[in-house]
Protein chains: 2
Amino acid sequence: MLKQPILTAPHNCAECPIRHQAVCARCEPDELDALEEIKYYRSFEAGQTVVWSGDQMDFVGSVVSGIASLTQTMEDGRTQMVGLLLPSDFVGRPGRNGAAYDVVATTNLVMCCFRKKPFEQIMLETPHIAQRLLEMTLDELDAAREWMLVLGRKTAREKIASLLSIIARRDATLKPNDNPGTTVFDLPLTREAMADYLGLTLETVSRQMSALKRDGVIQLEGKRHVTVPDLIRLLEEAGDDTDGGVMA
Amino acid sequence: MLKQPILTAPHNCAECPIRHQAVCARCEPDELDALEEIKYYRSFEAGQTVVWSGDQMDFVGSVVSGIASLTQTMEDGRTQMVGLLLPSDFVGRPGRNGAAYDVVATTNLVMCCFRKKPFEQIMLETPHIAQRLLEMTLDELDAAREWMLVLGRKTAREKIASLLSIIARRDATLKPNDNPGTTVFDLPLTREAMADYLGLTLETVSRQMSALKRDGVIQLEGKRHVTVPDLIRLLEEAGDDTDGGVMA
DNA sequence: CGTTTCGTTGACTAACTTCAATCGTAGTGG
DNA sequence: CCACTACGATTGAAGTTAGTCAACGAAACG
């Protein structure tokens, strides 16, 4: 595994990078104080498992930095990634004890955790938190459903293009546009993780990556560094509606 | 299309069949009164579209009786069902104007609708509603993620068995167990709808239904009436974890 | 410099789709 | 009442896509 720097946790909410996106986004100062009381940071190295499916889970929390994945595994070993957790995403389910999925750190990861019982209590008293959590959950549901279309109906090539689009779009909103139309990013996933996300084998992922490269849809430097010369072209390859409209 | 009786709407919340499962489940009498003010019933015939993806949606609501489906369609016509809405399920998203999916009545359908703006207002003032909606949304998210495993990793035969399991399990909880181990139900979906749900072609659905019948996993009378002599066997065919444990 | 991990590529196979013919039942109109 | 049609469903044969098995390549680590 490539050595990555271990990121350090912020010292308090004021300097927290996800302060205005996470479950605490709408909290007033006094509400934040209540959360500070029950919060602690945890760091994980790439590859570490944060929670095992079925295990007792005594905390909930937010991804502060790094990427984690939610995966389900069948008895015979087939696995499907069912969620990709980016900074500000929420982990855990208030009102339930056992974890439903494995949570694995895909990169080095810092999480802001809240002890579950007190968090549930605070949530009852703090509509701002419950409202924000509802909003985030609805967004996740939309993302999951969009992914169902990818898994159920798209070809291998379209699946790869869809995944790259998502990552490219996210990076495009994060970074200011240096070159208009051109997008550059590093894949945060191994070929195997991509395969688990897309319901493919890693060989098929590799082949389709090579095909997209051969056809000029993407450029690759090393295994992970991707350049997208024409984002519209990539979206067309993904089979998404591109004709000017806002994405669904 | 087979003629079905048009179901009539309940007259008030007290006699509503979904009173204790829907978004209003935890409401106090005075909270129900507020909802009664802004509610109205709508009926749809099997096959009718309730909402078109992208359209303005000026209401939210609950399925009272019947079944509806959420579907996404690509430009070239490929469609994927992304949700199956059963009685008590919630339709629409507070805080968003456009519908993200097509909502189609699969059977005759009665919905309890709330005008959207006032509903959003009531939700802000009524934690019982927001809490229940959060809980329901988390459940739907779990269902969507379970479905991602089905779509991404299961074989055609396992997919069919998974769908039958879900319907069988639902009917088993609804009806008291007449014959222990034996489950009987009517499929609420055409072969094409099953295919759209499972990310298959209708031919493959038909072939695998025949195969499951040939192998004695299910019995068929007509196209729709299904008998499952051994539910455990069906669950094994679905590839689900059956060894005594609680389902994930 | 060997070892490990991740990725690529090739040959072959299996699973599912596509195209097409046929069946059965329910509703329709002569 | 009975053909006629429409629709859903089934089945077969051929075609395509992605999976499987296997060898090899490249970079990083100790």
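Numbered from 1 within each chain, the chains take letters A, B, ... in sequence-line order.
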Asker: For Arg157(A) and dT16(D), what is the distance between atoms CZ and P respectively, to the nearest whole Å?
Answerer: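 The distance from CZ of Arg157(A) to P of dT16(D) comes to 17 Å, rounded to the nearest Å.
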Asker: Answer with base, sugar-phosphate or nothing: what part of the nucleic acid does Ser206(A) contact at a heavy-atom distance below 4.0 Å?
Answerer: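 Base, at least one base heavy atom under 4.0 Å.
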Asker: Return yes if the base of dG7(C) and the side-chain atoms of Arg224(A) contain a donor-acceptor N/O pair under 3.5 Å, otherwise no.
Answerer: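 Answer is no: no donor-acceptor pair is held.
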Asker: Ignoring the backbone of Thr204(A), work out which of dT10(D), dA18(D), dT17(C) is nearest its side chain.
Answerer: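 Selected nucleotide: dA18(D).
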Asker: Do the side chain of Arg207(A) and the base of dG10(C) come within less than 3.5 angstrom through a donor-acceptor pair of N or O atoms?
Answerer: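 Counting by modelled atom types and ignoring angles, a donor-acceptor contact under 3.5 Å is found here.
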Asker: If you draw a 6.0 Å radius around CD in Glu203(B), do more than 12 non-hydrogen atoms from other residues or ligands fall strictly inside?
Answerer: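 It does: Glu203(B) CD has more than 12 such atoms within range.
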Asker: So what does Leu202(B) touch, heavy atoms closer than 4.0 Å: a base, only the sugar-phosphate, or nothing?
Answerer: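 Base, at least one base atom sits under 4.0 Å.
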Asker: Out of dA9(D), dG7(C), dT11(D), which has the shortest distance to the side chain of Ser210(B)?
Answerer: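 Side chain of Ser210(B) sits closest to dT11(D).
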Asker: Pairing donors with acceptors under 3.5 angstrom, does anything connect the side chains of Ser162(B) and Ser165(B)?
Answerer: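 There is no such pair between these side chains.
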Asker: I need the CE-P distance between Met209(B) and dA9(D), as an integer number of Å.
Answerer: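 It is 9 Å, rounded to the nearest whole Å.
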Asker: Figure out the CD1/C1' separation between Ile160(B) and dA15(C), and round it to whole Å.
Answerer: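 After rounding, the reported distance stands at 14 Å.
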Asker: We want to know whether Asp196(A) and Thr79(A) form a side-chain donor-acceptor pair, criterion being a heavy-atom distance below 3.5 angstrom.
Answerer: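 A donor-acceptor contact under 3.5 Å links the two side chains.
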Asker: Quickly work out the Gln208(A) CD to dG10(C) P distance and round it to whole Å.
Answerer: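 Those two atoms, CD and P, are 14 Å apart.
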Asker: Considering heavy-atom distances to DNA chain C, does Leu220(A) or Arg153(A) have its closest nucleotide positioned more toward the 5' end?
Answerer: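 The residue closer to the strand's 5' end, by nearest nucleotide, is Leu220(A).
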Asker: What I want to check is whether an N or O donor and acceptor connect the side chain of Glu203(A) with the base of dC21(D) at under 3.5 Å.
Answerer: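 Such a pair exists between side chain and base.
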